[in-house]
Structure formats: C-alpha cells, structure tokens
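Presented below is the structure to which this report refers.
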There are 2 protein chains.
Amino acid sequence: MNKRKATTLKEIAKKLDISISTASRALNNHPDISDATKEKVQQLAEKLHYSPNLFAQGFRTQRSHILGVIVPNIAHYFTSTILKGILEEAETKGYKVIVSESNNNENKQSEMLRTMSQFGVDGILLALSRKTTSVDSILNTLDTVPLVLFDKVSHKIPCTQVVVDEEIAAFNAVEHLINTGKKRIAIIKETENSFNSEKRFAGYLRALKEHHIEVDKKIILSTEDVSLYKGRMMTNILLSLKERPDAIFAITDTAAIGAIKALHKYNIKIPEEIAVVGFSNSIHATIIQPSLTTVDQPGEKIGKTAVTYLIKEIESNKNEITTKTVTVKTHLIVRDSSFKV
Amino acid sequence: MNKRKATTLKEIAKKLDISISTASRALNNHPDISDATKEKVQQLAEKLHYSPNLFAQGFRTQRSHILGVIVPNIAHYFTSTILKGILEEAETKGYKVIVSESNNNENKQSEMLRTMSQFGVDGILLALSRKTTSVDSILNTLDTVPLVLFDKVSHKIPCTQVVVDEEIAAFNAVEHLINTGKKRIAIIKETENSFNSEKRFAGYLRALKEHHIEVDKKIILSTEDVSLYKGRMMTNILLSLKERPDAIFAITDTAAIGAIKALHKYNIKIPEEIAVVGFSNSIHATIIQPSLTTVDQPGEKIGKTAVTYLIKEIESNKNEITTKTVTVKTHLIVRDSSFKV
DNA sequence: CTGAAAGCGCTTACAG
DNA sequence: CTGAAAGCGCTTACAG
C-alpha cells in the first residue's frame, strides 16, 4: 500500500512555471508575494488537493505540532475526561496528540519521556505515576522540551502545574458535613503523601480546626491505594471502633463507594447514622444507592487548561522555565449520601 | 526552549573519522559493516546518548511509525479499555499512537481521516461514529493508507474489521435467561440498525426461536440512544403492559442499569419478578444493586487484535485491500440480576 | 516581487 | 568492508 502519490510543491511550481520558493511562500501567505501569484498558486493547490507533507515540514522547521501525553491509566474515568479536554483543545490549536500509559510504573514513565522527547514532540503533558520517587529523568526532559504537569503533580519539578483546588475542595466537603450536624468525621486517605492526598488532608484538618472539632487519630485512616476494596476495609475498621464516626470523608469516590457497600452490609443508615462524602464525581456517583455526595473535578477543563499553558510555553520561544501552579475550581455536589443543609 | 542539541550521526562519524553512511549502517546493524566498526560506533552512540532524529528518519523512509486512532468518545469506558490495548500493543511493536475523538460527528470523522492520512500516519484504527451514512470519505482514505475498523464497524467498507461475537453473545445471554425459567423476555435495542444492535437482536431472535418461544413485538423496544435514561423509560413502558415481561435484555449496560433503577422505583424484585441482563461488563456492573449479569467484552484484546492486523497490513507492502472480519470471543458473567442456573 | 541555493538528518543505491 | 553522493519535501536567509 504505497499509493500516497501526494501532490508536492515542486509539481505545483512546475505547472505554474514559478519557483518552488515562490509556491511555498504563496501558500503560506507571505507578504512579499503578489496577490495574483498567491491566487494562482492557491487555486491550483486546491484543485490538486495539495497538502504539505507535514513530515517534511516538521523536519525542516523542527516543529512537529505533536503533543505527548503520559498518564498512569487511560481507563480511569477521570483521566479519560481530562484527555477529552486535551484532545479538544489541542485540535483547535492545530496540534496532534500522542498518548502513552505509564501504568503507574516509574521506569516506564522515564522511558516514555525519553522516547517522546527524542521523537520530537513539541511539548509534553504529564500526570505523574504513583510513587514517582526519582525526579531526575523528568528534570532531564525538562531541559529539552516544554513540559506541563497535571492532576498528579509534584512541587519538586519546576514547571507549570495544573491542579484542582484540592485543599479548598476538601475543606468545603468536610465543612458541609459539619454544617449538617456531623461532629465525628473520619477520613480515608493515602499512606504515602501524594500531592493530592496531602492537600485534601490539609483541607480536612483546617475544616475541623475552624469549627473547633478535635482531631482524633483513631478515625484518620490511611491506605496505600484508595480503592473500593480498601474503602470497605477501612470502613469495617471504623465500625469496630467504640466510638463510631458519624460521617466518612473518603479522598476518592471509589473508596467512598466501598464505604457505602460496607455500611450496607451492616444495615447502617446513610446519611442518618453515617454520612459519606467522596471526591471526584466519578460516573459511579449516581449509580450507587444512595447517590454520592462528592467533589466535582472538571476533567475537561483541566485538560484544556494544561494544553493552553503548554502551547503558550512552546510558542513563546523563551528558554526559561516557568514554575507556576494553575488551580482549577471544583464544587461540591450534594446528593443523598449526606444531608442537604 | 530550543536546547534540543541532540547528537547527530554526523558528529559520531566525525569523532570516529568514518563516513556518515558507515555510521548509519553500523547503528542499523547492516551486515556489510565489520564487527569492529559496529562496536566502535555503537559504543560512542551510547556514550553520547545518540538517538536518531525520528522525524528525519520518518521523512526519509516515508514511514512515520505512527498509528492514528479515531473513536467516537474517549471517555466511554469500553472505548478507553480498547485504547489501553491499542497503546500497549502499539508500544511493543514500536509504534506511537495519535488519538482523536469524532464526538459521533460524521463530518468531523471525515476531516480527521483526511488530516491523519495527510499527516502521514502509517495506518488508521477507526471505530465508526454513530449514524455514519456516507462511507465515501472512508473509502477515499482507504486508498491511501491501511485502515482497520473495530467495535463500530460496517460491512460497506472493505477492510479488516475487529468485532466481538455479538450474535453469539446475545444468544447466550438470552438463552441463559430462558434456562433460568424466563419465558417472556423483552429486549431494549437501537432504532437505527447499527452493526452491533442488529447482531445482538439477531442473537435474541435465534435464542427465542431455538427454544420455541414466540416473538412478541410489544416487548421489543427500540430507542435512538441506548442510554441509562432511555433504559428507564423503556422499562416504564414495559411495566405498563398488560402482560409484563419476566426478563429484560438490554443491548447495553447503561440501559440495563436504567432498567434496574426503574424496577427499583416500582419495588419489583430482581431477578424474581423481572431479571435483567446487560451487555458490555462496564464498571458499573458491580456497583449497581443487584450486581448486573452481563456480557463481558474484552476491550484490551479487541484493541490489541486491531493493532496486530493493522501492522500486519502496513508491513506487508501489498497494495491489496483485505476484507476480513476478525471475531473476538466474549463470555457471559452471571451476577445477581438474574438467577444462577 | 521572485529565484537559486543551502540545508534540516537521515538512508540507500552505486561504486570501488 | 567503506565512502561519496543523491535525495526525501520543505523553508528561508540571501541576492537581485
């Protein structure tokens, strides 16, 4: 299959008896070229279905108009939502998007960064894999190609980072519980201090503090992966406590759903006995019974924002590295797993 | 940001005082080159972190090693699952993947096909947008670049198509209901005859026929988009019937979940009064109460298979077009929305 | 306003 | 076993 007998600039130039340079410039609307010539060239190009060989162009100009995206897991709903935003924004700006999955594997992530920069993408969008401990490979690629971090970020990397207002969102979620009369609010968070978990925990603490509620370590539970299964397990632990909590704030929707499943098992009334709040507004949130109160994270907006900043960096040919955290707003969606105020 | 001061072949050649040609060949393990030279070159290349400029290489060889993927909606779970398979297989075969969303918009789909083929992808993976009526633009790109259809396919397009054993899967699902004693099985399907809907309906009919159950048009419901909302509506209709069905086979998990929600509302016991079976094994299937009996479609396998066939076509430089339907097996997962046999 | 020429980094017939 | 040279299709200083 090698029929790609595309029209080239040369052919156009020949037919019109002009030079290739002129043809090229006419097509690119160069101010030097006369209107008459431009029209002539552009018409013929149209007629012949001319389209520039983007590979030649990219090779020549050292600009591929390709953006590389690396995410831990593409089948994660929130991630695919961000990707949607990335694709849309990139397309309107005239960029193509190459996608890769790190599978939460740090080595793979490093390798992908290398491959992508070597491939010649104009910029990279990265959501850090879990437990990214060695930042070296990232700093390295940062030297060669613009890079923007989103969702899973780290302040150890000096670059633009697009995140959600994690701390405020968590604060609002917990305050909402307090406002509905809950006084003993448990949290299910991550063991390792990821950026997200840390911020959400900080929001939790601040809400308690501002409302003069004492922190009780017995109802602060940590787990390595905040999964449905772990949500269940943690909730079982909470239920075994002498003083049960009257609300659970899970740092993740899946863990919140695990909590709900555990509460179901013990026939505990939600939200009367124990309210549950999640984080993410995943698609499950309205499938589960009762529907889940949770923080809505605007995935598409995050994606679009990340692309916008990345392209800005690409097109401002400055060699400097921007360190800047862009925060996208979230809002709490109150559903049936907590009381309305 | 233009520090990409990558090592080039020229530099390597110069340092070793050999020609660029030799350096190139040494790196590519060309049989003509002596082992001594090869080693020398490869060692230096390693030391200098040489990596070929893939754009130059692609430009020269007319091979980009990029695959283009076009899907209706990337945030659809099943789709993201397929994508996962595509990414993985492509990576192991040394291809990058450009992803685009058609948003179920036929014009956009055509445009993307054009852009991709003009961009110079080596092959295209396409899941048809809903209501793709005009096949022309697809036939056109089929002339210029290998293309494989997956999931949403059409036999109007002469190319390799990777699908699931839709008819058999539906047959098994309906037969399962029959085996558990259900006699009056409703179906919720699509109005327009998409490939998927048509096959699943055929499987439904065959199961009834083989078990000598009469077809009753009153419990064959069609809707344009087989969504959760529509699943609910259709179920309401079924419940208003004089002779209610004792089972519902929804062509889609989301519609099945809509059905379950509607049945909940009327306090109808699942599966005792009415059993429900879906299709897809979406992530919701175990979140909903009762958990959903459904057909598991191996998304990753579909993705991998599609890539395998596409690359085969790309690398066999034959100019001929293969028309071939590859079927990936599914299996029924029996959960709580239907009886175990 | 237009053209000749160099060159982006690589591969590959051709020659020896 | 190695090298000189052409060329992939384009853009862009330079010259006029």
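Proteins come first, then strands; the chains are lettered A, B, ... in the order of their sequence lines, and each starts at number 1. This structure is a prediction, so every number in the text was calculated from the model and none was measured.
Side-chain nitrogen and oxygen atoms of A:Tyr50 include none within less than 4.0 Å of the OP1 or OP2 phosphate oxygen of D:dG9. Under 4.0 angstrom from either OP1 or OP2 of C:dG3 there lies at least one side-chain N or O belonging to A:Ser19. Between B:Ser34 and D:dT2 there is a side-chain polar atom (N or O) within less than 4.0 angstrom of OP1 or OP2. In this structure, A:Thr37 reaches the C:dT2 phosphate: one of its side-chain N or O atoms is under 4.0 Å from OP1 or OP2.
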Next item on the list: Could you give me the CA-CA distance, side-chain angles and deciding distance for B:Asp151 and B:Asn196, then say whether side-chain contact (heavy atoms from CB on, under 4.5 Å) is met?
Entry: CA-CA 8 Å; B:Asp151 189 34; B:Asn196 310 268; 3.8 Å; yes

Check: Is there a side-chain contact (heavy atoms from CB on, under 4.5 Å) between A:Phe78 and A:Ile302 once you walk through the steps?
Finding: CA-CA 10 Å; A:Phe78 179 54; A:Ile302 295 172; 3.6 Å; yes

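Ring orientation note: the planes of A:Phe59 and B:Phe59 are tilted relative to one another, at an angle of 30° to 60°. Using a 30° and 60° split on the angle between ring planes, B:Phe55 and A:Phe55 fall in the parallel class, below 30°.
Positionally, the nearest nucleotide of DNA chain D for B:His30 lies more toward the 5' end than for the other of A:Leu9 and B:His30. Remark on DNA chain C: of its neighbouring residues B:Asn53 and B:Asp32, the 5'-side contact belongs to B:Asn53, judged by nearest-heavy-atom nucleotide.
Distance A:Gln62 CD to D:dC10 P: 17 Å, rounded to the nearest Å. In this structure, B:Asn28 atom CG and C:dG9 atom P are separated by 17 Å, rounded to whole Å. In this structure, NE2 of B:His65 is placed 15 Å from P of C:dC10, rounded to the nearest angstrom. Whole-Å rounding puts the B:Phe55 CZ to D:dC8 C1' distance at 14 Å. Remark: P of D:dC1 and NZ of B:Lys38 are 9 Å apart, rounded to the nearest angstrom. Following rounding to the nearest Å, B:Arg63 (CZ) and C:dT12 (P) show an atom-to-atom distance of 11 Å.
Side-chain proximity of A:Arg25 to C:dT2, D:dA4, D:dA13: nearest is D:dA13. Nearest to the side chain of A:Ser21, among C:dC10, D:dT12, D:dG3, sits D:dT12. Here D:dC10 is the nucleotide among D:dC10, C:dT2, C:dC10 with the atom lying nearest to any side-chain atom of A:Thr8. For A:Gln57, the side-chain atoms get nearest to D:dC10 when compared with the rest of D:dC10, C:dA4, D:dG3. For B:Thr61, whose side chain is taken as the heavy atoms from C-beta onward, the closest listed nucleotide among C:dT12, D:dT12, C:dT2 is C:dT12.
Test B:Val121, B:Ile314, B:Asp122 against B:His65 for side chain to side chain contact (heavy atoms under 4.5 Å, CB included) and you get one pass: B:Asp122.
If you check every strand for non-hydrogen atoms under 4.0 Å, A:Ile20 touches a base.
Between the side chains of A:Ser100 and B:Glu91, no donor-acceptor pair of N or O atoms lies under 3.5 Å.
Going from the P atom of D:dT2 to that of D:dA6 covers 23 Å, rounded to whole Å. Separating the C1' atom of D:dG16 from that of D:dT12 is a span of 16 Å, rounded to the nearest Å. C:dC14 sits 24 Å from C:dC10 when the P atoms are compared, rounded to a whole Å.
Figure legend. D:dG16 is base-paired to C:dC1; pairs are counted as Watson-Crick or G-U wobble with both atom distances under 3.5 Å.
In this structure, A:Phe59 packs face-to-face on the six-membered ring of C:dC8, meeting both the 5.5 Å centre cutoff and the 30° plane limit.
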